[in-house]
Amino acid sequence: MRFRTVTSPHVLADTSVGRVMRRVLYAMVPGALALVWFFGWGVAVNLALATAIALAAEAALLLARGKPVSAHLSDCSAVVSAWLLAVALPPLAPWWLTAIGAVSAIAVAKHLYGGLGYNPFNPAMIGYVVLLVSFPREMSAWPLPHGLGQPHAMTLLETLRAIFGGELPARFAADALTGATPLDVLRTQLGLGLNGAEIRNSPVFGIVAGSGWEWATLGFLAGGLWLLYTRTAAWQIPAGMLGALAVVATVFYLVNPQRYAPPWFHLWSGAAIFGAFFIATDPVTASTTPRGRWVYGAGIGILVYIIRGFGGYPDGVAFAVLLMNIAAPTIDLYTPPRVFGARRQ
Amino acid sequence: MSGLFAFHGGLKTARHKTESNRQPIQPSALPKRLVVPLRQHIGAIAKPLVQAGDRVLKGQIIGQPDGYISAAVHAPSSGTVAAVDQRPVPHPSGLPDWCVTIETDGEERWIEREPVAYRTLHSSETRNVLRNAGVVGLGGAAFPSAVKLNLGGRRERLDTLILNGAECEPWITCDDRLMRERAAGIVAGLRIMAHLLDPREVLIGIEDDKPEAIAALTAACAGTGYAVRPVPTRYPSGSVKQLVKLLTGKETPVDGLPVDVGVQCFNVATAHAVHRAIDCGEPVISRIVTVTGRVRRPQNIEALLGTPFADLVAQSGGYRDGVERLIMGGPMMGFALCDDRVPITKAANCILAAGAEELSPERPAMPCIRCGACADVCPADLLPQQLYWHSRAKEFDKAQDYHLFSCIECGCCSYVCPSQIPLVQFYRYAKNEIWAQEKEKQKAELARQRHQARLERLEREKQERDAKLRQKAPARAEVSAEKPSLEAAVARAKATSPAVVEAGAPATSGD
């Protein structure tokens, strides 16, 4: 009897790129739900819109590049990029903002560099930074956190009209709806000469950090820890990033507690937790060696603090991640593990 | 577990031991025709000692070891040699190799068998007995054991002698059954090995999913000082370097062998073969083969070498429906055969008839997402994703910088890869390309040397001719007489010692 010959191993674990990506999506659900609860339907609309546009862009470019479309669409990597971008956008961002961001992420940052696995930069962060640099006004219009159930919250229909038609319901004045994010407030009011403790009495702040924000952060932390538990994400990266951010923030806080925010505020504000577990851990653009992941994560943490404290933007996770993306191949080169049987250094 | 040193990485795979390890080892039916390959070991092929028409006895030597790293081959049963020619053998290439085909007579007439009193022999004589008995590593590598039993002045004595009963491949149970049923023989063989190597300690490593084997060997070792060490069930604990690390904490150097750190490791079945060769005078003519997977009665069979795979499958009730692949060895490291009419060799520890249920569905490979799952499971602490990257790009020097040759091809990286990239295949490809390049380089170097030697010879002959011509006409000029004779003397000196010509060639050409 004759048989086919294939090389070993003949059995494989039941895993796939799609499964890895879907796990990331599941892990984002608690945080995304909290965002919807505190910031309204806009977040959900952005998620759906970004997903649709990202999938369309992915399909178009796969076709153009002559790659198998269904195999790559079902790997869900485009959906992950879309969601990472969508939760970073203002909830009432006009539809074209989301579209430009998603197309920049998928078409430019991912496919022009060779598609899945070949992109040197995190696609979602490229999409986000393109928007942040090109449309600073639209990107800073965040609504004040209002629970979905509250009387003055926008209905789904009103939200859709705002996003696609640009018209706000008559009962809202534009500035009653949007406000600055906690990190914005900290930045501008520090500039006005107020001290840290006074600033944090502002209503935009909650128990630890921004009100509303802190619950979403808790959701992302829960999802992120699940990613580490299932070994979907490398634990060294969030550990390195949050560890470095905490150390640097502590040092500055101890030196001048009036001038600098405490470390728990930094850890719990903006995109620190979300970035540590969901953005920095993108394996394609991160360092892959165990020691390199520590260095890569720590680099992001330090850069986040520098950009927040001394740079031109209130939050720096996107820029910090992109800067460390550039460094990742070099970090890998200098941090190989000691091979079995090699002499100990 | 106390006294154990974990190795990095490894896998917990689904176990399929109980399919075949419930029944005792069965003797194989005597086939009408045995096809015995002359190369069943690592090293030089054995030289045939018989020709078509010769009568042979069971256990008679039919292939003589050729060189130091080689092993003898014997007739597994009595009968008549039908042919000495090239036939299909179990090899990944599917290429034929030299075999002795024996028509069996059914009488099973043995040669004279005499025990060897190894305690009174010099160790080199004992090793020679083993070499001529065809004893090789029966774990699957088939390296001549006599070579490994010789410390060759590398060190005074061995620190640790390890017997490998880990058997970590998920389907194989031949060592399990052997340990359960023939523990005394294994320990007897171990005693002979210990006599030759004089180790400070003797350890037997067995994965802890084989409690019966552990119990049997522990009982057999009572009073010997040999220690049975259960090791956690974690593939690839049966890989030599990993087992040595587990039991002794010592890491075999990248370019070295376990003996470099004072450890030597043998398979349990090899120890049993040593016992049979020395204590019974029986050469290696059979081995225990696990026949499992999609056959009706999975079991272990003590098969005569040269028995066709198909016969053992038939003895196990034949194939069940849906067999797609026939694997020699386990599913992690075994190779797929294209035909089941090839003979059992000393390396054939398992026949796995695999179908959709036993195999993983074949899916197209996706791009590497650098998730590093491969690096997490690599027992050699390599960066498989980098090795893949460079092997694929044919940057073989960079692949070697990432220690390509430390890869033991255990398959853990391919197993966990979410992109289903056949990583091990890329490493095999890269290794083979590097070996091929090295051979090319050696050939080119040889050609260059030959060309150089030819040019020098032509130059020398020309000068000799000139010198003779000048000697024939000495009257032409008295003044120049001295020079040609000097040249001739140099040429003569060079001609008598070719080594000088090759080494110091340019001296004459500049004249």
Side-chain angles (χ1 to χ4, degrees), chain A residues 1-21 23 67-68 70-72 74-75 77 80 114-120 231-234 236-237 281-290 292-293 328-329 332-333 335-344, chain B residues 7-8 13 92 94 170 241 245 251-254 256 310 319 323-327 331-340 354 358-360 362-364 366-373 375-376 379-383 385-386 402-403 406 409 411 414-420 422 424-425 428:
Chain A
M1 203 167 148
R2 293 190 70 81
F3 302 91
R4 284 190 54 207
T5 55
V6 184
T7 58
S8 66
H10 303 275
V11 286
L12 304 174
D14 186 15
T15 173
S16 69
V17 176
R19 176 175 295 200
V20 172
M21 297 294 170
R23 276 196 186 150
K67 301 274 172 187
S70 67
H72 279 270
S74 62
D75 71 23
S77 62
V80 170
L116 179 68
Y118 294 91
N119 48 299
R231 294 179 176 243
T232 310
Q236 295 97 335
I237 295 174
T281 52
D282 166 31
V284 176
T285 57
S287 181
T288 64
T289 66
R293 285 166 173 168
D332 279 354
L333 193 63
T335 55
R338 190 188 67 89
V339 172
F340 186 98
R343 212 165 288 151
R344 284 172 205 277
Chain B
F7 59 89
H8 174 263
T13 60
K241 290 182 176 181
K245 170 92 191 263
E251 282 192 10
T252 307
V254 168
Y319 296 112
V323 178
E324 293 169 15
R325 235 180 264 178
L326 191 67
I327 298 162
M332 293 301 290
M333 289 187 75
F335 58 87
L337 296 166
C338 61
D339 198 317
D340 64 1
E358 292 79 19
L359 301 167
S360 296
E362 283 175 59
R363 284 176 291 179
M366 297 285 287
C368 169
I369 55 168
R370 295 166 39 94
C371 64
D376 290 344
D381 287 279
L382 299 170
L383 288 174
Q385 72 272 33
Q386 302 291 53
Y402 279 98
H403 302 278
S406 282
E409 299 178 21
S414 301
Y415 183 88
V416 298
C417 179
S419 295
Q420 273 89 35
V424 178
Q425 201 175 329
R428 289 200 189 105

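Naming: A, B, ... by sequence-line order, numbering from 1 per chain. Bear in mind that the values here come from a model prediction, so they are computed numbers and not experimental data.
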Task: Residue A286(A) versus chain B: region with a heavy atom under 4.5 Å - done: backbone
Task: Residue among P92(B), G372(B), P253(B), A310(B) with most heavy-atom pairs under 4.5 Å to chain A - done: P253(B)
- [ ] Indicate the atoms forming the closest heavy-atom contact of F3(A) with L337(B), along with that distance.
- [x] CB-O, 3.5 Å
- [ ] Heavy atoms only, distances under 4.5 angstrom: which of T7(A), L116(A), V20(A), L12(A) has the most pairs with chain B? Name it, please.
- [x] L12(A)
TODO: Check whether Q385(B) gets within reach of chain A through its side chain, its backbone, both or neither, counting any heavy atom under 4.5 Å.
DONE: side chain
Open item on the list: I'd like to know which of A336(B), C368(B), G94(B) tops the heavy-atom pair count under 4.5 Å against chain A.
Closed with: A336(B)
Open item on the list: Measuring only between side-chain heavy atoms, which start at C-beta, is M332(B) closer than 4.5 Å to V11(A)?
Closed with: yes
Open item on the list: I need the residue from I327(B), V416(B), L382(B), V424(B) with the largest number of non-hydrogen atom pairs under 4.5 Å to chain A.
Closed with: I327(B)
Task: Distance in Å, R370(B) CZ paired with T285(A) OG1, rounded so as to fall on 0.5 Å steps - done: 8.0 Å
Open item on the list: Could you work out, with salt bridge (Lys or Arg N to Asp or Glu O under 4.0 Å) as the rule, every residue matching R231(A), not counting sequence neighbours?
Closed with: none
TODO: Would you check if R428(B) and S8(A) make a side-chain contact, meaning some heavy-atom pair closer than 4.5 Å?
DONE: yes
Task: Interchain contact, D75(A) with chain B, by part (heavy-atom threshold 4.5 Å) - done: side chain
TODO: Can you tell which part of V6(A) gets under 4.5 Å to a heavy atom of chain B, answering side chain, backbone, both or neither?
DONE: both
Task: Under 4.5 Å from a heavy atom of chain A, the part of L383(B) involved - done: side chain
Open item on the list: Is any side-chain heavy atom of D332(A) closer than 4.5 Å to one of Q386(B)?
Closed with: yes
Open item on the list: Under the side chain to side chain contact (heavy atoms under 4.5 Å, CB included) test against F340(A), which residue among H403(B), H8(B), K241(B) passes?
Closed with: K241(B)
Task: Side chain, backbone, both or neither of I369(B) within contact of chain A (heavy atoms, under 4.5 Å) - done: both
- [ ] Heavy atoms only, distances under 4.5 angstrom: which of P331(B), P367(B), G256(B), P422(B) has the most pairs with chain A? Name it, please.
- [x] P331(B)
Open item on the list: Once rounded to the nearest 0.5 Å, what's the spacing between atom CE of M366(B) and atom OG of S16(A)?
Closed with: 8.5 Å
Open item on the list: For chain A, which candidate among S360(B), S406(B), G411(B), P170(B) shows the most heavy-atom pairs at distances under 4.5 Å?
Closed with: S360(B)
Open item on the list: Is E409(B) in contact with chain A via its backbone, its side chain, both, or neither, using a 4.5 Å heavy-atom distance?
Closed with: neither
